[in-house]
Peer 1: 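Once you've had a glance at the structure underneath, I'll fire off some questions.
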Amino acid sequence: MFEIFVKKKFLVDYLKGFIDIHNHILPGIDDGAKTVEDSIALIKGFSEFGVTNFIATPHIMHEYYPNGPNTIYKALGEVKNELLKIKLKNISIDAAAEHMIDSNFENILETGSIMPIKKKYLLIEMSYLQPSINFDDAIIKIARNKYFPILAHPERYLYLHNRFNIYKKYKDEKGIFFQLNILSLCEYYGKSVQKMAIKLINEEMIDFIATDIHNERQLSYLKELKISDKQLKKIIPIIENTMNSFY
């Protein structure tokens with residue numbers, strides 16, 4: 001009942017030097033930035049609070065965003081060229097992808113069309129409507145191909161909220177890393193997502209944190225996000241682990 005009197009702090013004040021490993025700032029290839037100008041606006045917005053290192057992760061999603069190394073590196077090149085043109089030299093940007101576990105995932109895995117982070121981690125996701133029927137098989141094949149799976153925003157899969165044992169199975173039995181979206185710490189995606197985000201943090205199940213930013217509206221929410229000292233003490237080690245793992 002006294003929560004309203006707890007002094008909160010802007011989380012972005014603790015993100016200086018952070019590396020964002022999940023975002024959609026590459027232009028024109030998914031539901032993120034639409035143009036190079038959008039990409040630059042987002043990058044400049046991040047730099048205002050000290051984030052200048054990015055691993056862009058556009059969607060690879062069969063029939064919706066059929067991306068691959070060619071489309072992703074082309075978009076990355078456009079952004080890098082524009083950064084050089086406007087002499088924004090302090091920005092480091094690389095590219096990987098957010099892979100939907102769908103009917104085509106195992107095919108692109110076996111043909112080498114995936115886009116891993118730092119050559120060893122594979123950022124994966126499922127539909128928000130239902131779990132992927134081939135999820136377990138996909139995880140086995142990811143491991144066989146010597147990659148470490150990172151499940152993007154586990155807190156956002158509403159169908160798992162009443163099945164917490166599945167989260168534990170993913171972590172303990174399948175060795176999946178969990179990546180939290182920063183905006184899940186507020187009510188941006190809804191109260192139930194926020195509640196699950198906090199529970200996963202309290203259970204020490206979150207390995208990495210990232211923004212998953214798609215547009216300037218989301219970036220504005222990020223800049224205004226405040227958390228308590230109690231939450232901050234639990235999130236800072238996750239921020240540090242993310243930085244230590246991906247620089």
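We count residues from 1, following the sequence as given.
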Peer 1: Any chance the side chains of His24 and Asp212 put a donor and an acceptor closer than 3.5 Å?
Peer 2: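 Distance-only check passes for His24 and Asp212.
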Peer 1: Would you say the side-chain atoms of Asn67 pair up with the backbone N or O of Ile29, donor to acceptor, closer than 3.5 Å?
Peer 2: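 Looks like yes, one N/O pair under 3.5 Å.
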Peer 1: Is the closest basic N to carboxylate O distance between Glu78 and Lys74 below 4.0 Å?
Peer 2: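 The answer is yes: the pair qualifies as a salt bridge.
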Peer 1: For the pair His99 (side chain) and Met115 (backbone), establish whether a donor and an acceptor sit closer than 3.5 Å, ignoring hydrogens and angles.
Peer 2: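 It does hold such a pair.
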Peer 1: With the threshold set at 4.0 Å, does a side-chain nitrogen-carboxylate oxygen contact exist between Asp136 and Lys174?
Peer 2: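 So Asp136 pairs with Lys174 through a salt bridge.
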Peer 1: Looking at Ser132 and Ile101, would you say the former's side chain and the latter's main chain have a donor-acceptor pair under 3.5 Å?
Peer 2: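 Yes, the answer is positive, given that a donor and an acceptor are paired below the 3.5 Å cut-off.
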Peer 1: Compute the ring centroids of Phe46 and Phe18, then answer whether they are less than 6.0 Å apart.
Peer 2: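 No - the distance between ring centres of Phe46 and Phe18 does not fall below the 6.0 Å cut-off.
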Peer 1: Please check this pair: side chain of Gln194 against backbone of Leu185, looking for a donor-acceptor N/O pair closer than 3.5 Å.
Peer 2: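 Such a contact is found between Gln194 side chain and Leu185 backbone.
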Peer 1: For Tyr147 together with Tyr121, are the ring centres under 6.0 Å from each other?
Peer 2: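 No, they do not, as the ring centres are separated by 6.0 Å or more.
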Peer 1: Has Ser184 got a side-chain atom pairing as donor or acceptor with Ala197's backbone, closer than 3.5 angstrom?
Peer 2: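 Pair absent, no side-chain N/O of Ser184 close to backbone of Ala197.
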Peer 1: Can you say whether the rings of Phe177 and Phe208 are parallel (under 30°), tilted (30 to 60°) or perpendicular (over 60°)?
Peer 2: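 Rings of Phe177 and Phe208: tilted, 30 to 60°.
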Peer 1: Under 6.0 Å from the six-membered ring centre of Phe49 and within 45° of its axis: does the NZ or CZ of Lys16 meet both?
Peer 2: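 No, Lys16 does not lie over the aromatic ring of Phe49.
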Peer 1: Quick one: does any side-chain atom of Thr57 pair with a main-chain N or O of Ala96 as donor and acceptor, under 3.5 Å?
Peer 2: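 Checking the backbone N and O of Ala96 against the side chain of Thr57, no donor-acceptor pair under 3.5 Å is found.
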Peer 1: State plainly whether one hydrophobic cluster holds both Ile114 and Tyr65, where clusters connect Ile, Leu, Val, Met, Phe, Trp and Tyr through side-chain heavy atoms under 4.5 angstrom apart.
Peer 2: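 Ile114 and Tyr65: separate clusters.
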Peer 1: Do side-chain atoms of Tyr221 reach the backbone of Cys186 as a donor and acceptor pair under 3.5 angstrom?
Peer 2: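 Looks like no, no N/O pair under 3.5 Å.
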Peer 1: Taking the side chain as every heavy atom from C-beta outward, state whether Glu98 and Ile60 have any pair of such atoms under 4.5 Å apart.
Peer 2: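 Glu98 vs Ile60: side chains apart.
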Peer 1: His22 and side chain to side chain donor-acceptor pair (under 3.5 Å): which partner among Glu125, Gln179, His153?
Peer 2: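 Result for side chain to side chain donor-acceptor pair (under 3.5 Å) with His22: Gln179.
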Peer 1: Give a yes or no on whether the backbone of Met205 and the side-chain of Lys171 come within a donor-acceptor separation of less than 3.5 Å.
Peer 2: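 Such a contact is found between Lys171 side chain and Met205 backbone.
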